Amino acid sequence: MTTATLTVIVSRKWQEAQDICGFEFISEDGSPLLPFSAGSHVDVHLPGGLIRQYSLCNNPDKTNHYQIAVLRDANGRGGSAAIHDLVKEGDRIKISEPKNHFPLAHNAPHHLLLAGGIGITPILCMAERLTAIGDEFEMHYCSRTPERMAFTSRIQASPFNDKVAFHFDTGDQAQKFDIEATLANTQAGTHLYVCGPRGFMDAVLDAARRQKWEEARLHYEFFGAVIERPASDTTFKVRLASSGVTLDVPPECTVIEVLAASGIEVPTSCEQGVCGTCLTRVIDGEPDHRDSYLTDDERATGDQFLPCCSRAKTPYLVLDL
Ligand code: FES
């Protein structure tokens, strides 16, 4: 899968909160950028050849610019450090067209927006959109400390400020986020949207499933996912259907790395199992899915997998390559 890219100018870069930088992009000739829907992200091509996905967080009614915000991740794989340290105002960089894997369900009677930390970016965009179209919503924004909370002034100056509850890990017990109570006190048919660190998202989704929310009302997007590499991983083989070439995938390598070492290029972007770019058809064998992209039904079917992170449960996989 290839995605069209465009060159944009970094028109503004600012410190939005502790360890969080905001970036604004405009087109080279000042013309409007492509319209986007709330929940969209763009792939950003970073210095050093990395490509990372960032949610657009400006009001989707405004297409004279795009905004993103990035948390510096000290334990990350270099993407957040590259954009924090190397991208400056006035730079020209490449981004993809906006893509949306996290859209609003516009037929929902009510929306519950939950943001943890930097997960505020798509959630803020959703709040802007729901306000513009007059849909009912409630929003909870959780952060470790007030200093780490981005976009507080923007939210406080917005027409939806009274719909937002702020929660901190620090501070008194009364303001802390009570997942179970929040989920239990919503009106029937509410749709839930959650974005944030993996632990936050897992806690919210686990609670929703315990409370028997239908999957169709749960909307989420994992970015910066941590791919598990358990010590129990073993070597397996991949066979390419077109040529019959068979390659060993040792525990320390991904399928993508093994293919690349043999000159077989599969397009990649996130390399974290979140974007779907490397989606590959599986003709035989059973994948061991490690991604956050496929639905449970797609995983169960077993005829496709994400070779940037997923492995095999069977001794070999035959790939449609
Ligand atoms: Fe993004 Fe594999 S490259 S899912």
Side-chain angles (χ1 to χ4, degrees), residues 1-5 39-56 68 70-71 73 76-80 82-83 93-103 118-119 121-122 195 197-198 201-202 219-230 233 236 238 240 247 249-283 285-313 317-321:
M1 180 169 68
T2 55
T3 310
T5 58
S40 294
H41 70 270
V42 290
D43 300 338
V44 178
H45 296 242
L46 298 168
L50 297 170
I51 302 174
R52 292 290 180 267
Q53 288 68 41
Y54 298 111
S55 296
L56 295 175
I68 62 169
V70 181
L71 171 70
D73 180 358
R77 295 173 308 136
S80 66
I83 194 165
I93 59 169
K94 285 198 184 308
I95 64 171
S96 71
E97 295 177 353
K99 298 180 260 191
N100 199 344
H101 301 152
F102 190 32
I118 196 62
T121 49
C195 190
R198 185 76 193 221
M201 295 181 65
D202 284 344
H219 307 269
Y220 46 91
E221 184 162 59
F222 290 101
F223 280 136
V226 176
I227 306 298
E228 307 278 341
R229 286 199 176 181
D233 278 352
F236 61 97
V238 288
L240 311 184
L247 303 165
V249 184
E252 66 278 9
C253 290
T254 65
V255 177
I256 287 285
E257 288 166 347
V258 167
L259 293 172
S262 296
I264 300 146
E265 294 294 337
V266 174
T268 59
S269 179
C270 70
E271 298 175 46
Q272 292 176 290
V274 295
C275 73
T277 303
C278 67
L279 192 65
T280 300
R281 220 161 73 77
V282 176
I283 295 172
E286 186 183 354
D288 180 359
H289 297 289
R290 309 259 174 106
D291 64 280
S292 312
Y293 178 82
L294 294 174
T295 63
D296 288 346
D297 287 348
E298 288 168 337
R299 286 163 182 239
T301 307
D303 62 352
Q304 52 189 344
F305 87 140
L306 282 313
C308 67
C309 62
S310 295
R311 301 184 67 81
K313 288 186 175 163
L317 292 176
V318 180
L319 304 181
D320 188 15
L321 290 173

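Just so you know, these numbers come straight off a predicted model, no measurement behind them. Throughout, residue positions are numbered sequentially from 1 according to the sequence presented. Quick note: numbers below take in every heavy atom, side chains included, and nothing from hydrogens, waters or symmetry partners. In listed order, ligands and their atoms are each counted from 1.
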Point to revise | Straight-line distance of Leu71 CG to Ile83 CD1, nearest 0.5 Å | key: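 If I round to the nearest 0.5 Å, the distance is 12.0 Å.
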Check your understanding: Is it true that a side-chain atom of Arg311 and a backbone atom of Arg290 form a donor plus acceptor pair closer than 3.5 Å?
Key ->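 Side chain of Arg311 to backbone of Arg290, a donor-acceptor pair under 3.5 Å: no, none is there.
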**Study point:** Side-chain touch Phe305/Leu317, heavy atoms, less than 4.5 angstrom
**Key:**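 A side-chain contact exists here, since the closest heavy-atom pair is under 4.5 Å.
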Review point. Just wondering, do Val258 and Pro250 contact through their side chains at under 4.5 Å, heavy atoms?
Key: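 Yes, close enough: below the 4.5 Å cut-off.
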Review point. With Asp303, which residues qualify under side-chain hydrogen bond (donor to acceptor under 3.5 Å, both in side chains), at least two apart?
Key: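 Asp303 satisfies side-chain hydrogen bond (donor to acceptor under 3.5 Å, both in side chains) with no residue once adjacent residues are dropped.
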Check your understanding: What protein N/O/S atoms are found closer than 2.8 Å to atom 2 (Fe) of ligand 1?
Key ->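 Protein N, O or S atoms closer than 2.8 Å to atom 2 (Fe) of ligand 1: Cys278 SG, Cys308 SG.
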Practice item. Step through it carefully: locate the ring centre of His41, locate the ring centre of Phe102, and say whether they are under 6.0 Å apart. Key: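 Centroid separation for His41 and Phe102: 6.0 Å or greater.
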